[in-house]
Visitor: 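The structure's right below; bear with me while I get my questions together.
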Amino acid sequence: GPPTNPTPVGRDTTNDPPGPKVLEGLAASGLRSIRYAKEIPGLGRIVANDLDPAVVEAMKRNIEYNGEEVVGAKVQPSVGDARLIMMQNPGGFDVVDLDPYGSPSMLLDSAVQAVSEGGLLLVTATDMATLCGNNGEACFGKYGAYPLHRPYCHEMALRILLSSIQQHAARYKRYIVPVISCSIDFYIRLCVRVYTSAAEVKNA
């Protein structure tokens, strides 16, 4: 299976603060990464990544505004494709947090590889219309499941995303253990742990 906590590719980790490594793959303003640094004791390096260089410049200003001593010491702004960062760092992050605009489906394959053994994968999906059955063909294309447009569609949306994450994980002899699954307003948010075991994949 993927190695546990290898050195992330392409950066010097000598001065990293001790503690769990976090990747916020689509960080935008950096607000969530800043909150992680300020509100969760014991976290190590937090890589706040976004594809848009202009957005990352704004993120740097937000980090500076919130204090170099705590936030600046932990949050590392990064410009790049989240998928590439995850693929370059198999097992390299104890927490991977993905909150895209719309579907996370294109990110899941690389995400299940980037999480360390027993680490946390946090995923948000805002494409509720697709997950709840308004467009069954699109849902099948993204998640490999055909939804029903029924009153229980929000629970079904959670189960479809969980199933999709598990299917991606299984390709790498990994499996997931759901920690919390939330349906809130127009989005769903999942938190799962990721482990490696060929035997458990067969049970999945």
Side-chain angles (χ1 to χ4, degrees), residues 2 5-17 19-40 42-116 119-128 130-131 142-143 161 164-165 168 182 184-192 194:
N5 292 331
T7 301
V9 172
R11 69 179 184 85
D12 181 11
T13 59
T14 320
N15 297 319
D16 272 7
K21 291 180 177 64
V22 179
L23 170 66
E24 186 184 4
L26 304 100
S29 67
L31 173 61
R32 183 171 296 168
S33 290
I34 290 167
R35 289 193 64 186
Y36 279 160
K38 294 183 88 166
E39 298 175 17
I40 303 177
L43 284 184
R45 174 67 64 207
I46 303 162
V47 179
N49 177 76
D50 201 274
L51 189 58
D52 187 339
V55 167
V56 176
E57 286 304 313
M59 185 194 305
K60 290 176 182 175
R61 292 192 296 272
N62 290 337
I63 291 167
E64 185 179 347
Y65 178 80
N66 279 275
E68 284 296 316
E69 188 174 326
V70 175
V71 176
K74 289 195 171 193
V75 181
Q76 177 193 341
S78 166
V79 179
D81 188 322
R83 294 169 295 182
L84 185 58
I85 292 170
M86 292 186 288
M87 290 294 291
Q88 288 178 328
N89 296 282
F93 296 99
D94 301 293
V95 180
V96 173
D97 190 338
L98 301 173
D99 188 356
Y101 291 106
S103 172
S105 62
M106 291 189 303
L107 303 164
L108 298 178
D109 196 80
S110 47
V112 296
Q113 298 176 70
V115 182
S116 65
L120 290 171
L121 174 58
L122 313 172
V123 182
T124 302
T126 59
D127 57 336
M128 288 295 280
T130 299
L131 284 162
K142 290 178 182 178
Y143 300 103
L161 184 52
S164 183
I165 296 170
H168 285 285
C182 302
I184 304 165
D185 300 328
F186 61 91
Y187 68 94
I188 57 176
R189 176 82 164 159
L190 301 179
C191 173
V192 302
V194 182

Visitor: Are any non-hydrogen side-chain atoms of Leu31 and Asn62 less than 4.5 angstrom apart?
Guide: no
Visitor: If we ignore hydrogens and angles and just use 3.5 Å, is the side chain of Arg45 paired with the main-chain N or O of Gly19 as donor and acceptor?
Guide: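 Side chain of Arg45 to backbone of Gly19: no pair is present.
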Visitor: Show your reasoning for whether side chain to side chain contact (heavy atoms under 4.5 Å, CB included) applies to Leu51 and Val79.
Guide: CA-CA 5 Å; Leu51 189 58; Val79 179; over 6 Å; no
Visitor: For Met87, is the CE atom crowded, meaning more than 12 foreign heavy atoms sit under 6.0 Å from it?
Guide: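 For Met87, atom CE is not crowded (no more than 12 foreign heavy atoms under 6.0 Å).
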Visitor: Does any N or O in the side chain of Asp50 come within less than 3.5 Å of the main-chain N or O of Ala28, such that one atom is a donor and the other an acceptor?
Guide: yes
Visitor: Report yes if some heavy atom in the side chain of Val56 is under 4.5 Å from a heavy atom in the side chain of Asp52; otherwise report no.
Guide: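 A side-chain contact is absent here, since even the closest heavy-atom pair is not under 4.5 Å.
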Visitor: With rounding to the nearest 0.5 Å, note down the distance linking CG in Leu190 to CG in Leu98.
Guide: 11.0 Å
Visitor: List the steps and the verdict of side chain to side chain contact (heavy atoms under 4.5 Å, CB included) for Ile85 and Leu23.
Guide: CA-CA 9 Å; Ile85 292 170; Leu23 170 66; 4.2 Å; yes
Visitor: To the nearest 0.5 angstrom, please state how far the CG atom of Asp109 sits from the NE2 atom of His168.
Guide: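 Nearest 0.5 Å value for the CG-NE2 distance: 6.0 Å.
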Visitor: Would you say Asp127 and Tyr143 are linked by a side-chain donor-acceptor pair, where the criterion is simply a distance under 3.5 Å?
Guide: yes
Visitor: If I compare all heavy atoms of Ser110 with all of Leu107, which pair ends up nearest, and what's the gap?
Guide: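 Closest pair (atom of Ser110, atom of Leu107, distance): OG-O, 3.2 Å.
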Visitor: I need the Ile184 CD1 to Thr124 OG1 distance, nearest 0.5 Å.
Guide: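 Answer rounded to 0.5 Å: 8.5 Å.
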Visitor: Contact between Ile188 and Met128 at the side-chain level, heavy atoms closer than 4.5 Å - yes or no?
Guide: yes
Visitor: Might you point out which heavy atoms bring Val115 and Leu121 nearest each other, and give the distance in Å?
Guide: CG2-CB, 4.0 Å
Visitor: With rounding to the nearest 0.5 Å, note down the distance linking NZ in Lys142 to CG in Leu161.
Guide: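 The distance works out to 12.0 Å.
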Visitor: Specify the closest pair of heavy atoms between Lys74 and Ala37, including all atoms of both residues, with the distance to one decimal.
Guide: CB-CB, 4.3 Å
Visitor: For the residue pair Val22 and Val47, establish whether any side-chain heavy-atom pair is separated by less than 4.5 Å.
Guide: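 No, their side chains stay 4.5 Å or more apart.
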Visitor: Given 3.5 Å as the limit, does a donor-acceptor pair link the side chain of Asn49 with the main chain of Gly80, or not?
Guide: yes
Visitor: Please assess Val192 against Leu120 for the test side chain to side chain contact (heavy atoms under 4.5 Å, CB included), listing each intermediate value before the final yes or no.
Guide: CA-CA 6 Å; Val192 302; Leu120 290 171; over 6 Å; no
Visitor: At what distance, to the nearest 0.5 angstrom, does CE of Met86 lie from CG of Leu108?
Guide: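 So the CE of Met86 and the CG of Leu108 are separated by 8.5 Å.
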Visitor: Tell me, which pairs form a side-chain hydrogen bond (donor to acceptor under 3.5 Å, both in side chains) where one or both residues lie in residues 28-38, sequence neighbours left out?
Guide: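 The answer is Glu24-Ser33, Arg32-Asp97, Arg32-Asp99, Arg35-Glu39, Tyr36-Asp97, Lys38-Asn66.
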Visitor: Mind listing the closest non-hydrogen atom pair of Pro77 and Lys60 along with its distance?
Guide: CG-CG, 3.8 Å
Visitor: Quick check: do Phe186 and Thr126 have side-chain heavy atoms less than 4.5 Å from each other?
Guide: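 Phe186 reaches Thr126 side chain to side chain.
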Visitor: Would you please name every residue forming a side chain to side chain contact (heavy atoms under 4.5 Å, CB included) with Glu64, sequence neighbours left out?
Guide: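 Scan of Glu64 (side chain to side chain contact (heavy atoms under 4.5 Å, CB included), adjacent residues dropped) gives Glu68.
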Visitor: Before giving the answer on side chain to side chain contact (heavy atoms under 4.5 Å, CB included), spell out for Val96 and Leu122 the whole-Å C-alpha distance, their side-chain angles and the decisive distance to 0.1 Å.
Guide: CA-CA 6 Å; Val96 173; Leu122 313 172; over 6 Å; no
Visitor: Measure the CG-OG distance between Asp81 and Ser78 for me, rounded to the nearest 0.5 Å.
Guide: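 One finds 10.5 Å between CG of Asp81 and OG of Ser78.
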